[in-house]
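Working notes, beginning with the structure itself.
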Amino acid sequence: ILDDIPKILTSMGLLILSPVIAIYLLVDWEKIQGGLLRIVPQRKRVAWQRVIQDISHIVRSYIRGNILVALIVGILTGVGVKIAGMDYALIIGVLCGLFDLIPYFGPLIGAIPAVLLGLVISPFMAIKVLIVILIVQQLESSIISPKLMGDSVGLHPLWIIFALLAGGEVAGFWGILLAVPVAAVIRVIIRHIYFWLVSPEMG
């Protein structure tokens, strides 16, 4: 077990840093985009600029979509536990919303302090809080996230679910983390390749 502690700490650090890295990418993406264009030959720069601009739009939309999903999860969880009679509904809603930004294990991490706060009142309240969180997470995974993320990156919800399953099967945690933006970027690239083949003068 002691040998696994460094790996566990590293994984937890990556989980926490993932949303922070995403925010920095969102802020500095213009500089990154300019750097990418500088390494492209001059005659191809206009065509590649269209591709990079579309990818930039997809990346920004994906990050905004994640923030919106987390906000909805926080609101639904807070309202749900309030209806259940929980006194710390606002705190639980904020915690669950913030931790939802952490991919994969975020909802589980957010559920732990929420259930502990429920235990402060009673074991039955802790069970009710857990049930609310499970219901909200089911809504998020089956309806909210596929719909909102699909609208954000221009993919059908079914393709979102397929991308997540395929990403998890191929690359585990990182596959799930990157599945949706990678699928959206591939869609952008395929569309531009099609346009270049149909209208070579556009390239």
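Computed from a predicted model, the values in this text were never measured in an experiment.
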Do you reckon [X] sits in the same ILVMFWY cluster as [Y], going by side-chain contacts under 4.5 Å, direct or chained?
X: L95; Y: I135; result: yes
X: I91; Y: M86; result: yes
X: V94; Y: I67; result: no
X: V73; Y: L68; result: yes

(request) Quick one: pull up CG in L76 and CG in L71 and give me the separation to the nearest 0.5 Å. (result) 9.5 Å

(message) Please report the interatomic distance OG1(T77) to CG(L90), rounded to the nearest 0.5 Å.
(response) 12.0 Å

(message) Which residues pass the salt bridge (charged side-chain N to carboxylate O under 4.0 Å, His left out) test with K82, not counting sequence neighbours?
(response) none

(request) Identify, with sequence neighbours excluded, every residue that meets salt bridge (charged side-chain N to carboxylate O under 4.0 Å, His left out) alongside R187. (result) none

Using residues 106-133 as the side-chain source, report each donor-acceptor pair under 3.5 Å to any protein atom, sequence neighbours left out, with the distance given to one decimal.
residue	atom	partner	partner atom	Å
S122	OG	M125	N	3.0
K128	NZ	A84	O	2.8

Side-chain donor-acceptor pairs under 3.5 Å in residues 139-148, sequence neighbours left out?
residue	atom	partner	partner atom	Å
S141	OG	Q137	O	3.1
S141	OG	Q138	O	3.2
S142	OG	Q138	O	2.6

